[in-house]
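Right, one structure below, let's go through it.
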Amino acid sequence: MKLVSSARYETELPKIIKGKSEISIKISNKLKILLLNPRHPSLRLHKLAGSNNYSVSVNMSIRIIVHFSGEFIYLLRIGTHENVY
């Protein structure tokens, strides 16, 4: 599988990690897990109602919205629970 970042994800990511190296490391670790095993329990992966997109939990407040298509995992959005839903 391969990760593909959307323009929106690329815009939102720097705002999330600015001055927070521990969040940057957590995001990187979660993306590695996502590539190796999308069903790993630590990701808390679940399908979003009314769409074919899924949510991945980075921590208790940060979520990554992803879409699976063939061999690609599209990173659509990243942000707080309130901002991405």
Side-chain angles (χ1 to χ4, degrees):
M1 300 204 98
K2 296 179 185 178
L3 296 175
V4 178
S5 303
S6 71
R8 189 166 190 179
Y9 178 89
E10 292 294 330
T11 301
E12 293 170 337
L13 182 62
K15 296 173 187 172
I16 296 296
I17 63 174
K18 184 176 182 180
K20 300 174 189 163
S21 61
E22 73 281 353
I23 293 294
S24 181
I25 293 167
K26 273 195 167 199
I27 292 168
S28 178
N29 288 340
K30 292 292 181 168
L31 293 177
K32 288 176 188 173
I33 293 169
L34 182 64
L35 281 172
L36 293 173
N37 179 7
R39 299 195 189 284
H40 193 279
S42 72
L43 299 175
R44 298 178 59 214
L45 182 80
H46 63 278
K47 188 172 184 180
L48 300 178
S51 77
N52 287 323
N53 299 332
Y54 291 79
S55 175
V56 171
S57 295
V58 174
N59 61 22
M60 292 306 289
S61 64
I62 305 296
R63 305 289 188 270
I64 301 173
I65 306 302
V66 300
H67 178 81
F68 296 93
S69 182
E71 66 182 66
F72 297 101
I73 301 172
Y74 294 93
L75 306 174
L76 303 178
R77 301 209 49 206
I78 185 168
T80 62
H81 182 272
E82 297 79 25
N83 289 338
V84 297
Y85 290 122

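The analysis underlying the following values was restricted to heavy atoms, covering all of them including side chains, and did not include hydrogens, waters or symmetry mates.
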Residues that His81 engages under side-chain contact (heavy atoms from CB on, under 4.5 Å), provided they are two or more places apart: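 Counting only residues at least two positions away or on another chain, His81 forms a side-chain contact (heavy atoms from CB on, under 4.5 Å) with Arg63, Tyr85.
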Got a sec, which residues hit side-chain contact (heavy atoms from CB on, under 4.5 Å) with Ser51, two or more places apart in sequence or on another chain?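 Ser51 satisfies side-chain contact (heavy atoms from CB on, under 4.5 Å) with Leu48, Asn53 once adjacent residues are dropped.
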Check whether [X] and [Y] end up in the same hydrophobic cluster, where Ile, Leu, Val, Met, Phe, Trp and Tyr are linked by side-chain heavy atoms less than 4.5 Å apart.
| X | Y | answer |
| --- | --- | --- |
| Val56 | Ile16 | yes |
| Val84 | Leu45 | no |
| Ile73 | Leu13 | yes |
| Ile25 | Ile27 | no |
| Phe72 | Leu3 | no |

Taking all atoms of both residues into account, what is the closest heavy-atom pair of [X] and [Y], and its distance?
| X | Y | answer |
| --- | --- | --- |
| Thr11 | Pro14 | O-CD, 3.4 Å |
| Gly70 | Met1 | O-CE, 3.6 Å |
| Lys26 | Asn59 | NZ-CB, 4.1 Å |

Looking at Asn83, is its backbone amide N or carbonyl O close enough to the side chain of Arg77 to form a donor-acceptor pair, meaning the two atoms are under 3.5 Å apart?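 Yes.
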Backbone N/O of Ile65 and side chain of Ser55: donor-acceptor pair under 3.5 Å: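 No: the side chain of Ser55 does not pair with the backbone of Ile65.
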How are the rings of Tyr54 and Phe68 set relative to one another: parallel (under 30°), tilted (30 to 60°) or perpendicular (over 60°)?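 It falls in the perpendicular class, over 60°.
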For a side chain to side chain contact (heavy atoms under 4.5 Å, CB included) check, start with the C-alpha distance between Lys30 and Arg44, then their side-chain angles and the critical distance, and finish with the verdict. CA-CA 11 Å; Lys30 292 292 181 168; Arg44 298 178 59 214; over 6 Å; no
Just one of Ser28, Pro41, Pro38, Ser42 clears the side chain to side chain contact (heavy atoms under 4.5 Å, CB included) bar with Ile33, so which one?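 The option that passes is Ser42.
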Given Leu76, Leu75, Leu34, the one that forms side chain to side chain contact (heavy atoms under 4.5 Å, CB included) with Ile64: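 Filter result, single survivor: Leu75.
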